[in-house]
Amino acid sequence: MNEIPARYNSQEVEDRIYKFWQDNNLFSAKANPDKKPFCIVIPPPNVTGILHMGHALNNTYQDILIRLKRMQGFESLWMPGTDHAGIATQNVVERQLAKEGIKRQDLGREKFLQRVEQWKEEYGSTIIKQLKKLGASCDWPRVRFTMDEGYSEAVKEVFVRLWNKGLIYQDDKIINWCPRCQTALSDEEAPHRQLQGNLYYIRYPIKQASGLRPQASGQVKKACGMRHAACDYIVVATTRPETMLGDSAVAVNPKDKRYKKFVGKVLILPLVNREIKIIADNMVDRKFGTGAVKVTPAHDSNDYLLGKKYRLEFVNVMHPDGRMNDFAGSYKDMDRFKAREALLNDLREKGLLEKVQPHPLSAGHCYRCQSIIEPRLSRQWFIKIAPLAKPAIKAVKDGGIKFHPKRWTKVYLNWMENIQDWCISRQIWWGHRIPVWYCLDCKKEAVASVEAPRVCRVCNSANLKQDDDVLDTWFSSWLWPFATFYWPFDHAGDKRLAIGDRQKDLKYFYPTSVLVTAPEIIFFWVARMIMAGFEFVGKEPFKDVYIHGTVRDREGKKMSKSLGNIIDPLEIIAKYGADALRFSLISITAAGEDLYLSEEKFELGRNFANKLWNASRFSLMNLDLNLASVDLCVFFEKEKLELPERWILSRFYSMLGRLNKALDNFRFNQAANILYEFIWHEFCDWYIELAKPNLLSGLAGKRVSGENRNTQIVLYKVLEKTLRCLHPFMPFITEEIWQKLQLKTHNSQLTTIMTQPWPHIQKQMVDQGVESKMQLAIDVITASRNLKAQVKIPQSQNVKLSIVVKDKKAIAALKETSPAISYLAKLVNLCIQSERPGGIKSISALSGKMQVLLELEGVIDIEKEIEKLAKEIGELTADLKSKEARLKNKEFLKKAPQEVIQREKELVTVNKEKLAASSRILDELKK
RNA sequence: GGGCGCAUGGCUUAGCUGGUUAGAGCGCCACAUUCACAUUGUGGAGGUCAUAGGUUCGAAUCCUAUUGCGCCCACCA
């Protein structure tokens, strides 16, 4: 006993066990024709990443599945890796440079990239180390990085294939521009968020026939939109007034009577005094603002369309960093928001700012730095994505790929069916450079190629230049499920596997089985992987997509560094243990719902681990036989076991049935709770207590046959199988205990729980009769404890108990279990009969079919007892009334299933008996 | 503007295909410490299942509407 501490010490166990697993190569998986494959590719965390609760949750789900399937006999592969995360990583390194007072431009492209590499070498494995702390059983030697040499070849290959199909094009479009990161972003990377902004109403003077321009204030008379023929100006409403410097028209709706006469006239754009036209287009909403809209084709996507349609001027008024440029006149070099203020002041002074209205609006925000996105006209690379979406839509509609929970299917389909072309070029340096080359001499043709071309195909010049931009990070991530298997095989890049083995691996493990991720990743990654899978490999990348919730703080806010509400999983692991972290996270998260976290929640897992530890400690202290030759099924058939043993076996196997079902349905929290309930409240609370008399010498109440050996076997078997069931959830503690158990009962060398088979259901051991007999005993014991507490008799004091029950089966069952009852309820005498004995002073409790009476030596508090009985009688009467009414209802009798009616009838009988008994006692007491 | 989710005791929640006396955990109250575990045990108090209608023999569960909270999508000048 001394060698096992009374408290589970996760710190002492976890690193040692993890090392044991790794040293024994237990996470590795190989194409194995004798087994079915099960494969998960990890959502590759950013190389810059440090483990947060979202990762902890995400990877715990994956590890549970991987470990479960490994035990269930699958060749279970968890493919690990990291993502180069272009913008995020570049930002991190740029920030580091800033501390040294350097900009990346000072270094130049080559040197900067060296810096990033250097940074990656130093910190890139942080997240991997942290995943190991969590217990992740990834096949680490396979680890991939989205900028591995071989992986990069896959990226280029894909680009060229799409290029050859004509699906890649370059175009000038309004894109999401982040002025801080100074790059284009895809629509998904610029999520809209609510802002409290203003709607500014600005007067644009009309150019008079005389050619005279109205002066500033004083001269203007009437606003337009007022049905006056002689307006001097038109009022437009805008939320981004600084963009007016780039206006090239004002648009109205052609049906708008207020403005009909102005269409075709010319306005003088204030502040810059440029002439712009008034045009009419159906796109304009007559009801919004003044019904007249300024048109800025280089800074707004709608305006861009108008600009193209009416051949307007495209005036870009900003530098890439968000400051105003030469076209902004006196506002040149001001930041866009400073310029806004300055410009509004000037308008106000000139009397051209009619009014300002608070106006909630939503604007894109950079998903990496949160800056407000500037829609900006620029030349970028795009993919025509609609053709790729087709098979990806079909696969989900046909059920070839399933989302769990189901509701995400709709979200996915809705996005897919309205998919927009994907902007894939980024103006940063860290990433896959776009494999397109231009000839600087003839300038005739751009070429896309996996290998850098030597000479121009047209003019043979060697003066070629590669495109400066890099590809969107997600353009490499979308290949993850197959590029990690070295697709397309024939590139020389990575020498870790022979080409034949690469092909074999992909063939064996692809399509992968399950993808586990968070909802915000559906568009970025899940949808695109599905498209890539069909396009490049011809098959779906995975069969099931499990979408879990978002980790929030206790107020429901997302956890973020800036909010300071982070709970660091590594601190939790240090304090509570990785198993506790894992179990707590899983157990409190309803399927697919967000989870609201606070540190106390981890006590749940820690306490549970400690409970299991101590139950095991007790078992280890009391197991002294070599059980190597015992087969549970044979044993069960041969031996006539006592009720507690039959009961715990029955409970175990019915628990296993429910557990399997929950896991099959991705109901992880339910699975965790089934195990918790069984281990704590059945195995520990009841079975171990019932096993004690047989195991411990010198305890009173030894059960009849006192078969110590049978008790040992059942205790061991149930514990050992339970450990296996719990292993995917709490891998460390289960391994530690399991190995100790093997040593104690088998004298065996160290093996591992990891590769033990998942327990098989043994239906012959599930026995409803046994369970209800035991339930009767549990009810009596509980009632007895309850009665003792009520009259403040210490639980340890021996008492006399009578049970009154009519049901003959129940009487027989109670007689069978009476030793156990007497032991656990501390009874000197247990009297089971069908009629209440007279003349004994006692208090009573109703439990199921039984009335339980506790004999008392002293005086009973009659008032209290009467009160309690009256309450009971009241409740019983009400209940009886409603049940009898139901049984008289013809519709009920006609339509309800027989078993429901039957049970209702039984309850009426039982309740009637109880009511009669209670009334009788009440009468006695009243005398 | 469209879509989705959530609403159950003081807090966090389970309740999957309608039939329970609506389960837990934390917190609270009372009692318990030689016998695996105070990271414990035993017992208790505490719920008109957001509101209003409807379907049904029967609704926390299904339908409709309302309210509140949260999330996602959209070319909301």
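Reckoned from all heavy atoms, side chains included, excluding hydrogens, waters and symmetry mates. Chain naming here is simple, since letters A, B, ... match the order of the sequence lines and numbering starts at 1 in each. Keep in mind the model is a prediction, meaning the values are calculated, not measured.
Between N610(A) and rU40(B), a side-chain N or O to OP1/OP2 separation shorter than 4.0 Å is absent. In this model, the phosphate group of rU40(B) is approached by a side-chain N or O of N607(A) to a distance below 4.0 Å at OP1 or OP2. Between R667(A) and the phosphate of rC16(B), there is no side-chain N or O to OP1/OP2 separation shorter than 4.0 Å. Here K611(A) reaches the OP1 or OP2 of rG41(B): one of its side-chain N or O atoms lies under 4.0 Å away.
Remark: side-chain polar atoms of D303(A) are not paired, donor with acceptor, to backbone N or O of A298(A) under 3.5 angstrom. The closest donor-acceptor contact from the side chain of D594(A) to the backbone of T550(A) lies under 3.5 Å. In this structure, the side chain of Q795(A) does not engage the main chain of K788(A) through any donor-acceptor pair within 3.5 Å. Listed for the D579(A) side chain is a donor-acceptor partner under 3.5 Å among the backbone atoms of F732(A). Checked by atom type and distance alone, the side chain of Q712(A) pairs as donor or acceptor with a backbone atom of D624(A) at under 3.5 Å.
When Watson-Crick and G-U wobble pairs are counted only if both distances are under 3.5 Å, rA24(B) pairs with rU12(B). The partner of rC57(B) is rG19(B), by the rule that a Watson-Crick or G-U pair needs both atom distances under 3.5 Å. Across every strand in view, rU33(B) sits unpaired, with no contact that passes the Watson-Crick or G-U test at under 3.5 angstrom. Base pairing of rC4(B) is made with rG70(B), judged by Watson-Crick or G-U wobble geometry with both donor-acceptor distances under 3.5 Å. With a cut-off of 3.5 Å on both pairing distances, rU39(B) has no Watson-Crick or G-U wobble partner at all. Here rA65(B) sits opposite rU51(B) as a Watson-Crick or G-U wobble pair (both hydrogen-bonding atom distances under 3.5 Å).
Rounded to the nearest Å, the gap between the C1' atom of rG5(B) and that of rA77(B) is 32 Å. A distance of about 12 Å separates the C1' atoms of rG47(B) and rG23(B), rounded to the whole Å. A gap of 35 Å separates the C1' atoms of rG58(B) and rC26(B), to the nearest Å. rU13(B) and rA22(B): their C1' atoms are spaced 13 Å apart (whole Å). Taking atom P on both nucleotides, rC16(B) is separated from rA50(B) by 14 Å, rounded to a whole Å. Distance noted for atom P between rA24(B) and rC62(B): 23 Å (whole Å). rG15(B) and rU21(B) have their C1' atoms separated by 15 Å, given to the nearest Å. For rU55(B) and rG18(B), the C1' atoms lie 11 Å apart once the distance is rounded to whole Å.
For rG58(B), the base is not stacked against the aromatic ring of F892(A), per a cut-off of 5.5 Å between centres and 30° between planes.
Checking rG19(B), rC37(B), rC6(B) against every side-chain atom of A6(A), the shortest atom distance belongs to rC37(B). The side chain of N614(A) approaches rC37(B) more closely than any other nucleotide in the set rC37(B), rU42(B), rG25(B). Relative to the side chain of K792(A), the nucleotides rG43(B), rU39(B), rA30(B) differ in distance, and rA30(B) lies closest. Nearest nucleotide to the K895(A) side chain, out of rA77(B), rC37(B), rC57(B): rC57(B). Closest approach to the S301(A) side chain among rC75(B), rA36(B), rG19(B) is made by rC75(B) (side chain taken as heavy atoms from C-beta onward). Minimum atom distance to the side chain of L604(A) is reached by rG25(B), of the listed rU21(B), rG25(B), rC75(B). The side chain of D685(A) lies closest to rG41(B) when the candidates are rG41(B), rA36(B), rG5(B). Taking the side chain of Q670(A) as heavy atoms from C-beta on, and the options rG43(B), rA77(B), rC16(B), the nearest nucleotide is rC16(B).
Here K883(A) lies in heavy-atom contact (under 4.0 Å) with sugar-phosphate atoms only. Note on E603(A): nothing from the nucleic acid sits closer than 4.0 angstrom, heavy atoms only. When heavy atoms are screened at a 4.0 angstrom cut-off, E520(A) is found touching no nucleic acid atom at all. Residue-level contact check: P897(A) touches the bases, meaning some heavy atom is under 4.0 Å from a base atom. Using a 4.0 Å heavy-atom cutoff across all strands shown, K601(A) reaches sugar-phosphate atoms only and no base atom. As judged by a 4.0 angstrom heavy-atom cut-off over every strand, R407(A) is placed among residues touching the sugar-phosphate backbone only. At a threshold of 4.0 angstrom between heavy atoms, the contacts of L893(A) with the nucleic acid are absent. Backbone-only contact: T782(A) has heavy atoms under 4.0 Å from sugar-phosphate atoms and none from a base. Contacts of D285(A) with the nucleic acid, taken as non-hydrogen atoms under 4.0 Å apart, include base atoms. The residue R785(A) sits close only to the backbone: its heavy atoms come under 4.0 Å of sugar-phosphate atoms, none of a base. The residue V284(A) sits close to a base: some heavy atom pair falls under 4.0 Å. In this structure, F523(A) reaches the sugar-phosphate backbone alone: every heavy-atom distance under 4.0 Å involves primed, P, OP1 or OP2 atoms, never a base. Counting non-hydrogen atoms under 4.0 angstrom, R903(A) reaches the backbone sugars and phosphates but no base. Residue contacts shown for A662(A) are absent, as no nucleic acid heavy atom lies under 4.0 Å away.
Looking at residues two or more places apart in sequence or on another chain, you find a side-chain hydrogen bond (donor to acceptor under 3.5 Å, both in side chains) between E242(A) and R340(A).
Rounded to whole angstrom, the span from the CG atom of L597(A) across to the P atom of rG25(B) amounts to 20 Å. Rounding to whole angstrom units, CD1 of residue I778(A) and C1' of rU42(B) are separated by 15 Å. For the pair D594(A) CG and rC71(B) C1', the interatomic distance rounds to 8 Å; values are reported in whole Å. Put simply, CD1 on I781(A) is 15 Å from C1' on rG43(B), counting in whole angstrom units. The CG-P distance, from N673(A) to rG15(B), rounds to 9 Å in whole Å. Straight-line distance from the CD atom of E677(A) to the C1' atom of rG15(B): 14 Å, rounded to whole Å. Computed from coordinates, the W680(A) CH2 to rU39(B) P distance equals 11 Å when rounded to whole Å. Rounded to whole Å, the distance from CD on Q194(A) to P on rC71(B) is 11 Å.
For rC4(B), the base has no donor-acceptor partner in the side chain of K410(A) [N/O atoms by modelled type, under 3.5 angstrom]. You'll find a donor-acceptor pair under 3.5 Å spanning the side chain of E689(A) and the base of rA36(B), going by distance alone.
Geometrically, K575(A) does not engage F602(A) in a cation-pi contact defined by less than 6.0 Å to the ring centre and at most 45° from the axis. The cationic group of K611(A) does not satisfy the cation-pi geometry with Y676(A), failing either the under 6.0 Å distance to the six-membered ring centre or the 45° limit from the ring axis.
By the 30° and 60° cut-offs, the orientation of the rings of Y546(A) relative to H548(A) is tilted.
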Go through the steps to decide whether S587(A) and N669(A) satisfy the test side-chain hydrogen bond (donor to acceptor under 3.5 Å, both in side chains), and finish with yes or no. CA-CA 4 Å; S587(A) 153; N669(A) 70 315; over 6 Å; no
